[in-house]
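Read the structure below first, then the notes.
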Amino acid sequence: MNQKAAGRISRFPHLKQDFAASLVVFLVALPLCVGVAVASGVPAELGLVTGIVGGLVTGLMRGSSLQVSGPAAGLTVLVFEAVREFGLPALGVIVLATGALQLAMGALKLGRYFRAISVSVVEGMLAGIGLVLIAGQLYSAAGAKAPASGIDKIIGLPGALVDAAGSASALASLAIGAGTVAVLVLWKRLPSRVRTVPGPLAAVGLATLVALLLNLPVATVEVQGLLGSVQPPSLGSFGELAHVGLLGTIVAFTLIASAESLFSAAAVDRMHDGPRTEYDRELMAQGAGNAICGALGALPMTAVIVRSAANVQAGARTKASRVLHGVWLLLFAALLPNVLVYIPLPALAGILVHAGAKLVPVRAIVGLWREHRGEALILVVTAVSIVAVSMFEGVLIGLALAVAKTAWEASHIRLEVVDKGAGPVQAHLSGNATFLRLPKILDSLEALPQDRPVELDLSGLHHLDHACRTALETWAERHSAAGTEPVKVTEPIRVTTPAKVTEPVTTV
């Protein structure tokens, strides 16, 4: 071995493993990039552009070394709605603004705070996306046009399937889609030698082969060419930022893309013993990638757990694998774009139906219902709200429920009454006295004997808000008005509101 070769090996000690892993990730990413783009209502090439940027730009940056970024099924529904409402030219503006916000949040070191978002809200968000995605792609698998809203997609599905039963082309299309899903489900049970080919690639490849050999009347991917698809936003399209609806869409893109990426990073960290994720740097890497995708008019990106898991399981050791996967996507888009015209659309629909099913955490819901019913309720309500209303409102409803649940649990209060039959009645309050628990506190205090003096001990309280303090003072005045001795109050050691003492309350 010469000195140059030895130097390359010492500089890139894991090149062999990373090279092999990059090929696996490329083969997994290729059908997913195309499928997500088609389902989002944009040219297929834009999905490849986002995958390329995810590899060559985000892949080179620091953050999570083995996480792979690209277009994600989790944003498909939101992108489709944005394109339908604001038009394709505005997509670049939305994605560019999303990237800028992510860069700002990373610079302000806000990335770590995304870990504080309720897991139930995130899983409910993904479940809602998954349900809408499955419903929408079933229409695509049948060769039919899906309704606009999520609830209409689900309600109209039985009728669409009945209509498809009377059409030979629709039945052929459904057969291709169902076959694709069947291959994906059964692929894990095949011998390991067969599974060296990634399941999504095998499913799409087999569907394409069947459609060609049998000359089935199914729709295929339309190709415009890589350069023809890339359309940077014009200066006039930035005027859309004046619309409140578009600003809300940008916020939704930012929150969902950031949360999904950082939750994915946490999951990937559990799969390997290499360097841990630097959350703020990873958020900036995602922001840089999205800013460039927006400037090119492409799809938004997030870290994708399917590709990331494939990367780790294929033996990747450094970020070189994800950068190389971007190189392979670029070479494919530049040299072999016409291959895409042979891919049946129902096959891509089947890929996304399978991906959407993975977003619905049925087992997690069952487990949560047994142990934490409040969290299960938040998950279900978030998912149903996304289906029934919209993505942004559904996430806000889920976050509001999570905050309300946390506030309720944090306001735990305990009242212990000691009545020795003679002398004053002793009442001890401990915990957090907030307005949420005020009815319970007052009911218990008003049940004390009216003709007996009371000693109210508040020293066990960690928090006493203004509403509770005012209510306790009012109760003490009413209790003492009956002619008994003034209520004696032992103040909390630490209070969050200024002490206010009114007669006839005396403080010990």
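The shown structure was predicted, so the numbers you read here are calculated from the model rather than taken from an experiment.
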Using modelled atom types and a 3.5 Å cut-off, is there a donor and acceptor pairing between side-chain atoms of [X] and backbone atoms of [Y]?
X    : Y    : value
T76  : A73  : yes
S40  : V42  : no
W328 : L30  : no
Y139 : G156 : yes
R322 : S69  : no
Q17  : G315 : no

Walk me through it: do L110 and D280 pass the test side chain to side chain contact (heavy atoms under 4.5 Å, CB included)?
CA-CA 7 Å; L110 300 180; D280 297 318; 5.5 Å; no
Regarding S261 and E282, is there a side-chain donor-to-acceptor distance under 3.5 Å anywhere?
no
Between N311 and S321: side-chain donor-acceptor atoms closer than 3.5 Å
yes
Any non-hydrogen side-chain atom of [X] less than 4.5 Å from a side-chain atom of [Y]?
X    : Y    : answer
W187 : V194 : yes
L23  : F19  : yes
V93  : E240 : no
L201 : V28  : no
K405 : L377 : no
T180 : I351 : yes
T220 : I343 : no
L379 : P361 : yes

Under the side chain to side chain contact (heavy atoms under 4.5 Å, CB included) rule, what do V57 and I52 come out as? Steps first, then yes or no, please.
CA-CA 8 Å; V57 178; I52 293 166; over 6 Å; no
Grab the two heavy atoms, one from [X] and one from [Y], that are nearest each other, plus how far apart they are.
X    : Y    : value
G70  : T50  : C-CG2, 3.9 Å
S120 : I378 : CB-CG2, 4.1 Å
T249 : F86  : OG1-CE1, 3.5 Å
V204 : P31  : CG2-CB, 3.9 Å
V53  : G289 : CG1-O, 3.6 Å
L88  : P43  : CD2-CD, 4.1 Å

Any chance you could measure [X], atom [atom1], to [Y], atom [atom2], to the nearest 0.5 Å?
X    : Y    : atom1 : atom2 : answer
L336 : L331 : CG    : CG    : 9.0 Å
L246 : I94  : CG    : CD1   : 4.5 Å
L66  : H272 : CG    : NE2   : 4.5 Å
Q231 : L91  : CD    : CG    : 11.0 Å
M105 : L103 : CE    : CG    : 9.5 Å
T254 : L101 : OG1   : CG    : 4.5 Å

Kindly check if the number of other-residue, nucleotide or ligand heavy atoms within 6.0 Å of OH (Y342) is above 12?
no
Of S264, S64, S65, which meets side chain to side chain donor-acceptor pair (under 3.5 Å) against T277?
S64
For residues 189-199, which residue pairs pass the salt bridge (charged side-chain N to carboxylate O under 4.0 Å, His left out) check, not counting sequence neighbours?
none
List the steps, then state whether side chain to side chain contact (heavy atoms under 4.5 Å, CB included) holds for L96 with F238.
CA-CA 10 Å; L96 179 58; F238 284 91; 3.7 Å; yes
Please step through side chain to side chain contact (heavy atoms under 4.5 Å, CB included) for the pair L340 and F332, ending with a clear verdict.
CA-CA 10 Å; L340 299 177; F332 177 88; 3.8 Å; yes
Could you walk me through whether Q102 and S258 pass the side chain to side chain donor-acceptor pair (under 3.5 Å) check?
CA-CA 7 Å; Q102 288 180 313; S258 302; 3.0 Å; yes
Partner of F253 by side-chain contact (heavy atoms from CB on, under 4.5 Å), out of T302, T98, N290
T98
